[in-house]
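A short write-up of the structure that comes next.
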There are 2 protein chains.
Amino acid sequence: MTKQDPVLAPSGRRPTILDVAAACGVSPATVSNVLAEKRHISAETRALVLAKVQELKYVASATARGLRMNRTWSIGVVVGDIANPFSPEVVGGVEEALWERKNNLILCNTGFRSERKIAYIQSLIDKHVDGLILVTQTLTVKEASAFDIKRLPPLVTINRVSEAIPSDHVTVDNEQGVTDLMNHLFALGHKRIAFVKGLTSSTSAAARHKAYRAAMKHQGLLVDHELTIQGDYTIESGAIAGRRLVEMSSPPTAIVAANDMMAIGVLGALRDKGISVPEDVSVAGFDDVSISSHPLINLTTIEQPKYETGTTAARLLLERIEGGPAEPPRVVMLTANLKIRGTTGRARPATRRKLIPQ
Amino acid sequence: MTKQDPVLAPSGRRPTILDVAAACGVSPATVSNVLAEKRHISAETRALVLAKVQELKYVASATARGLRMNRTWSIGVVVGDIANPFSPEVVGGVEEALWERKNNLILCNTGFRSERKIAYIQSLIDKHVDGLILVTQTLTVKEASAFDIKRLPPLVTINRVSEAIPSDHVTVDNEQGVTDLMNHLFALGHKRIAFVKGLTSSTSAAARHKAYRAAMKHQGLLVDHELTIQGDYTIESGAIAGRRLVEMSSPPTAIVAANDMMAIGVLGALRDKGISVPEDVSVAGFDDVSISSHPLINLTTIEQPKYETGTTAARLLLERIEGGPAEPPRVVMLTANLKIRGTTGRARPATRRKLIPQ
DNA sequence: TTGTAGGCGTTATCAA
DNA sequence: TTGATAACGCCTACAA
């Protein structure tokens, strides 16, 4: 004889709305309405239903509800590299905002591989996510052609405008940030300032580079193309750039990297070469990743409000999902804050170094 | 006529299996079978169906399929703090392994808040995830009582054994790692070694602390309780611990932290106080977070293979999901690797410091 | 205030 | 080798 628990549904099987309805002697519709608080239900039945729901630990199946309502309360978040300190901070913000609205976050890590990005987005479409957030990623026209654009859910991009598809966009004021930083360096007497670029495909990287050149010109300085080095936002690329720069016959007195990770890479390379920062060279980054404020790094940088970037993107997306497509694409540009720390200082007279044999 | 914006006005209705069936003049069952490769279909119809599928860009709705098959191909991953550098590396590993098996990752960030953990797990149950991975988190008996345990999907815990529920478990050999590190310090002449503990609730933190005490005893050294400081795995708690330790009347010659973030906090505090590492004090951590190997940090630590921890956990989980609950819980213990870097050196003679006035 | 019934898009079972 | 049909669990017109 099997011992039946009168309260719990048969082991493992979760109770359905029918079980609750039966237990209460009402119709499933009533149970649904009690839970959805859609139409008025007599206090009596309401109480009964709620009691039974609790007793049976009934929770509606999100799958069934999703099928019926054509919603999943899930948002796909596509990042290039979750291990890059920038990503988790943004993702943390997205997560928080989604949590507040009872949505879930499906994390997709592309490793910046195009095919994987496409495959992931396709699978997100299959899963019927309600929306998509692209973190420092975009959809090229070519990539977008891989699937039926009409079936893409609402989209928000972070730090990189979407090429193929109009979408809401959250970014930081790159131009202002870099300009502030450059002025800080000019004030310190720097004239020979190098720039480590980010990926060319990145809108924000491009904007930062552009602002650098504009600031140089505005200051009446020549932009030496030798002093612009291509990086890819990784710490390693920063280290390589750093080595190259200090080995030059007439090296820069300051190095600006398009993000903190590269700046930190530069710092590492300089340390390995025994070059003092900021006495010999000044270094600065962009983002203000959490480790940058550590006393041992102490990097002068431009803060991008990463967490806020994430929450903002999520909220724009949820509004769009609820509100419908009526409004035109929105762009939110958060302010960049210059954080002056220990890696920038007065420029060493440019001539001195030349006398030192390589 | 309104110009339709493809993304902002999304949801061109996606074709269903019925559309494909109709277009081919076959039954939906046949389409399903072609796609699932379940039963034999004549080459002719097969080709026809596949062609139409391509033409219509038909993809089965994961929601409908999930409802029918009682599977979602989604795994919930619950982390305490996604911004802690440890998390993204593990999550990256999980993500990769899930990707290989075409599963998705639903990320839940609890901020170590119990109610949020409960609410998240409940929502994951609602969503019918096929499995759950708890990263440096556990379910206490009390927490587990919040929902019907029978309805919990298969579970894998990382770095913290599950109290309430039997589950597969992936961790690192904490004891061996700490023992190796302690022997390294002993060999350098350290006797007065402090320990910064992790959260008491963490199994791995407890194991690391235990191994520290065992090593001290085994070496015939007294464990001075003053030298054990409670931290919480954050960089701030490490900084606080560091300050307290060096302000002691007879400070330690070496400080071991239960994780890298706290060790890095210690380093920051020492730097702020002008104390040289490793000349005045040696410092070591546990995890080998990516920044630890940077030339400016250069932290001696014990590597936990984080990425591999993630992939292993995911694979155990997927096996369990496919294979059923038959087998008993498994434990995988990865080996810990001591990484000797620049923050550990010969012990300064214990007497010297006493002469220097505070 | 409540109940009935249809359908969301699949897959599985049975029948042909 | 293929087709019809019944679920899966829910929400929501429409009816009562």
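Just so we're on the same page: letters track the sequence lines, and every chain starts at 1.
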Looking for any heavy atom pair under 4.0 Å, which part of the strands does A/Ser32 touch: base, sugar-phosphate only, or nothing? base
A/Met69 CE to C/dG6 P, in whole Å, measures 21 Å
Give the rounded distance in Å between these two atoms: CZ of A/Arg71 and C1' of C/dC8. 16 Å
Should the pair B/Arg315-B/Glu100 be classified as a salt bridge under the 4.0 Å nitrogen-to-oxygen rule? yes
Before accepting this row, confirm whether a basic side-chain N of the pair A/Arg101/A/Glu319 lies closer than 4.0 Å to the acidic partner's carboxylate O. no
Dot-bracket line, read 5' to 3' along DNA chain D, where crossing pairs take [ ] and | marks a partner on another strand, Watson-Crick or G-U under 3.5 Å: ||||||||||||||||
Scan B/Ala60 against the nucleic acid and name what it touches under 4.0 Å (heavy atoms): base, sugar-phosphate only, or nothing. sugar-phosphate
When B/Lys117 is tested against each of B/Gln122, B/Glu143, B/Gln137 for side-chain hydrogen bond (donor to acceptor under 3.5 Å, both in side chains), which residue passes? B/Glu143
Expressed as a whole number of angstroms, how long is the span from B/Leu18:CG to D/dA4:C1'? 13 Å
C/dG9, OP1 or OP2 - any side-chain N/O from B/Ser61 closer than 4.0 Å? no
Atom CD of A/Glu44 and atom C1' of C/dT2: how far apart are they, to the nearest Å? 13 Å
Taking for each residue the nucleotide of DNA chain D bearing the nearest heavy atom, is the 5' side occupied by A/Thr63 or by B/Ala29? B/Ala29
Roughly, in whole Å, what's the span from CG in A/Leu48 to P in C/dT2? 10 Å
Within this structure, what is the CZ-CG distance for the pair A/Arg46 and A/Leu35, rounded to the nearest 0.5 Å? 9.5 Å
If you check the B/Ile17 side chain, which of C/dT2, C/dT11, D/dT12 turns out closest? C/dT11
Between the base of C/dT11 and the side chain of B/Arg68, is one N or O donor paired with an acceptor at under 3.5 angstrom? yes
So how far is it from B/Asn33 CG to B/Ser27 OG, rounded to the nearest 0.5 Å? 8.0 Å
Salt bridge (Lys or Arg N to Asp or Glu O under 4.0 Å) for A/Asp130 and A/Arg71? Distances and angles first, verdict last. CA-CA 6 Å; A/Asp130 299 332; A/Arg71 282 267 261 136; 2.7 Å; yes
Look at B/Asp168 together with B/Arg330 and state whether they make a salt bridge at an N to O cut-off of under 4.0 Å. yes
Within this structure, what is the NE2-to-C1' distance between A/His128 and C/dT10, rounded to whole angstrom? 13 Å
Given atom NZ of A/Lys127 and atom P of C/dG9, what is their separation to the nearest angstrom? 18 Å
Closest to the A/Ser27 side chain: D/dT12, C/dT4, C/dG9? C/dT4
List for me each residue that meets side chain to side chain donor-acceptor pair (under 3.5 Å) alongside A/Thr157, sequence neighbours excluded, and say none if there are none. A/His169
Please report the distance, rounded to the nearest Å, between CZ in B/Arg65 and P in C/dA12. 9 Å
Taking for each residue the nucleotide of DNA chain D with the nearest heavy atom, is it B/Arg46 or B/Leu67 whose nucleotide lies nearer the 5' end? B/Arg46
Give A/Thr45 one of three labels, base, sugar-phosphate or nothing, depending on what nucleic acid heavy atoms sit under 4.0 Å from its own. sugar-phosphate
Heavy-atom closest pair (A/Trp99 atom, B/Ala119 atom, distance to 0.1 Å) is CH2-CB, 3.4 Å
Identify the heavy atoms of B/Leu317 and B/Leu132 that sit nearest to each other, and give their distance. CD2-N, 3.6 Å
Expected output is a numbered-order residue list: members of residues 34-43 of chain A with a heavy atom under 4.0 Å from any atom of DNA chain C. What is it? A/Arg39, A/His40, A/Ile41, A/Ser42
